[in-house]
A.B. asks: 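I'd like to ask some things about the structure below.
Predicted model only: the values in this text are computed from it and were never measured. Proteins get letters first, then strands, A, B, ... in listed order; numbering begins at 1 in each.
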Amino acid sequence: EYSWNSLLIGYLKNHEPKNAFAVHKRMEDLGTMNVSDPAFVLLLKACAEDYDFGKGYELHNISTRLGLVESNVFIGSTMIDMYSKFGLLMEAKQVFISMSAHDVVSWTALIAGYVEHKCWMEALDCFQKMQQECVSPNGATYACVLRACCSIRDITRGRELHAEAGRWGMLESHSSIGSALIDMYMKCGLLNCAQEVFDSLISNDVVSWTVLISGYVENGFDYKALHLIEQMQAEGVFYNAFTVVCGLRVCCNLLFRNKVQQLHMEAERQGLFEDNPLVCGTLMNAYAKCGLMDKGRQAFDKFPVRNSNIWTTLILGYAENGLFEEVCDLLNHMELEGCSPD
RNA sequence: CGGAAGACAGCCU
């Protein structure tokens, strides 16, 4: 039994859900052993990531039979998360209700589900109920709830949460709260508040940097954003895909051709380019706006994935630059490669 | 370290 569970966990940690499911099936068929709780949690996560509804339901049935949801809050929380990732919020809520005890993670999983599906009011209600039941929020909880406040532009509520988290002394140590706050203030046009939060964080990670920078871009401060990107690099924080996309947007607004190419090179060096259609699309768009279609074409050629989005971006680029012959060629080419225009 | 968490581009309307 022990070695079967180890094998199962091994596959799950290696992100080989198919093998894991096969092992699990054999264990079920043999019918003589129990899947360990940690393995069960990982199985549920694998279903969520794989979007495997059938296996998810099967696991739910098994756990009902064994009373696992009631007895183990890890399993319950993971199942809430799985259903929420499936988009089945009613199911997620049912699981939550069927649990015998709720901790901060199970509450937060449900709140996160509501937030993810834009049920802002439900999320806020849920948060209130959680506090009524005297479960203390943690950084993840605040981050979720702040996202809800931000989306409905409830800055009053957001400020209250800001103060509350501050009273608990959670701001410095939880960058997720900081990032959510910066984002909220930026989206509400309160640039100074956002900057204040950023400056108050003990260590800023790539997300808090990127949120701040995006905020300046959204509010029209392209030069400020560009300056911050350089500062971020100087402090040794590495780009991620969001940062690159944001930087490209700035360069595009300012028509800084050299900077676009520089970002392109850095994105490639950090491996952000090859597996990310968003980065590639933004890059091609930036080149198009800068009138550098040959560079855009090079990016396209290097990119391993072909989908209609990528094709469309390229074709639009040629169209914007008045290169209509290329547009026609590419439309044909695209269909030859089995991609139909939309 | 068996569970939850923060930023989501371009085009068009």
A.B. asks: How would you label the contact of A/Val207 with the nucleic acid (heavy atoms, under 4.0 Å): base, sugar-phosphate, or nothing?
C.D. replies: base
A.B. asks: Do A/Ser208 and A/Ser179 have a side chain donor and acceptor closer than 3.5 Å?
C.D. replies: no
A.B. asks: Could you check which of B/G3, B/A4, B/G6 has an atom nearest any side-chain atom of A/Ala143?
C.D. replies: B/G6
A.B. asks: Measure from CD1 on A/Ile315 to P on B/G10 and round the result to the nearest Å.
C.D. replies: 20 Å
A.B. asks: Separation of A/His174 atom NE2 from B/A4 atom P, in whole Å?
C.D. replies: 15 Å
A.B. asks: Choose from B/G3, B/A5, B/G6 the nucleotide whose nearest atom is closest to any side-chain atom of A/Val105.
C.D. replies: B/G3
A.B. asks: Counting heavy atoms from C-beta on, name the nucleotide in B/A7, B/G2, B/C11 closest to the side chain of A/Leu316.
C.D. replies: B/C11
A.B. asks: Whole-Å distance between B/G2 C1' and A/Tyr2 OH?
C.D. replies: 13 Å
A.B. asks: Do A/Asn138 side-chain and B/A5 base share a donor-acceptor contact under 3.5 Å?
C.D. replies: no
A.B. asks: Taking any heavy-atom pair under 4.0 Å as a contact, classify A/Ala140: base, sugar-phosphate, or nothing.
C.D. replies: base
A.B. asks: Any base atoms under 4.0 Å from A/Thr108, or only sugar-phosphate, or nothing? Heavy atoms, all strands.
C.D. replies: base
A.B. asks: From NZ of A/Lys93 over to P of B/A4, roughly how many Å is that when rounded to an integer?
C.D. replies: 22 Å
A.B. asks: Answer with base, sugar-phosphate or nothing: what part of the nucleic acid does A/Val73 contact at a heavy-atom distance below 4.0 Å?
C.D. replies: base
A.B. asks: Looking at A/Lys289, I'd like to know whether one of its side-chain N or O atoms comes within less than 4.0 Å of OP1 or OP2 on B/A9.
C.D. replies: no
A.B. asks: Below 3.5 Å, does any donor atom in the side chain of A/Asn5 face an acceptor in the base of B/G2, or the other way round?
C.D. replies: no
A.B. asks: Does either side chain, that of A/Gln270 or that of A/Glu266, offer a donor lying less than 3.5 Å from an acceptor on the other one?
C.D. replies: no
A.B. asks: I want to check a possible cation-pi pair here: A/Lys295 against A/Tyr287, using under 6.0 Å from ring centre and within 45° of the ring axis as the test.
C.D. replies: no
A.B. asks: On the side chain of A/Ser175, is there an atom forming a donor-acceptor pair with the base of B/G6 - under 3.5 Å, no angle test?
C.D. replies: yes
A.B. asks: Has A/Phe74 got its ring stacked on the base of B/G2, with centres under 5.5 Å and planes less than 30° apart?
C.D. replies: yes
A.B. asks: A/Glu116 CD to B/A5 P: how many Å, rounded?
C.D. replies: 8 Å
A.B. asks: For A/Lys45 and B/A5, give me the distance from atom NZ to atom P, rounded to whole Å.
C.D. replies: 9 Å
A.B. asks: Could you check whether A/Ser36 gets within reach of a base, just the sugar-phosphate, or nothing at all, counting any heavy atom under 4.0 Å?
C.D. replies: nothing
A.B. asks: Examine the base of B/G3 for any acceptor or donor lying under 3.5 Å from a partner atom in the side chain of A/Asn72, and report the outcome as yes or no.
C.D. replies: no
A.B. asks: Roughly how many Å is it from CG in A/Leu44 to P in B/G2, rounded to a whole number?
C.D. replies: 16 Å
A.B. asks: What's the closest nucleotide to the A/Ala109 side chain, out of B/G3, B/A4, B/C11?
C.D. replies: B/A4
A.B. asks: What's A/Asn276 touching, base or sugar-phosphate or nothing? Going by heavy atoms closer than 4.0 Å.
C.D. replies: nothing
A.B. asks: From the set B/G3, B/C11, B/A7, return the single nucleotide nearest to any side-chain atom of A/Asp183.
C.D. replies: B/A7
A.B. asks: Counting heavy atoms from C-beta on, name the nucleotide in B/G10, B/G6, B/A9 closest to the side chain of A/Val245.
C.D. replies: B/A9
A.B. asks: So, for A/Phe300 and A/Trp311, is the gap between ring centers shorter than 6.0 Å?
C.D. replies: yes
A.B. asks: Can you tell which of B/G3, B/A5, B/A7 lies closest to the side chain of A/Ser77?
C.D. replies: B/G3
A.B. asks: Please determine, for the side chain of A/Ser176, which listed nucleotide (B/G3, B/A5, B/A7) has the closest atom?
C.D. replies: B/A5
A.B. asks: Would you kindly check whether a donor in the side chain of A/Ser179 faces an acceptor in the base of B/G6, or vice versa, at under 3.5 angstrom?
C.D. replies: yes
A.B. asks: Which one of A/His227, A/Gln195, A/Lys224 satisfies the side chain to side chain donor-acceptor pair (under 3.5 Å) criterion with A/Tyr216?
C.D. replies: A/Gln195
A.B. asks: Verify whether the ring centers belonging to A/His102 and A/Phe96 lie closer than 6.0 Å.
C.D. replies: yes
A.B. asks: Send over the distance from A/Arg249 CZ to B/G10 C1', rounded to a whole Å.
C.D. replies: 9 Å
A.B. asks: What interatomic distance, in whole Å, is found between C1' of B/G10 and the corresponding atom of B/G6?
C.D. replies: 24 Å
A.B. asks: Nearest to the A/Ala180 side chain among B/A4, B/G6, B/A7, which nucleotide is it?
C.D. replies: B/G6
A.B. asks: When the C1' atoms of B/A9 and B/A5 are compared, how many Å lie between them, rounded to an integer?
C.D. replies: 23 Å
A.B. asks: Base, sugar-phosphate or nothing for A/Lys187? Non-hydrogen atoms, less than 4.0 Å.
C.D. replies: sugar-phosphate
A.B. asks: If you measure only the distance, is there a donor-acceptor pair under 3.5 Å linking the side chains of A/Thr313 and A/Asn285?
C.D. replies: no
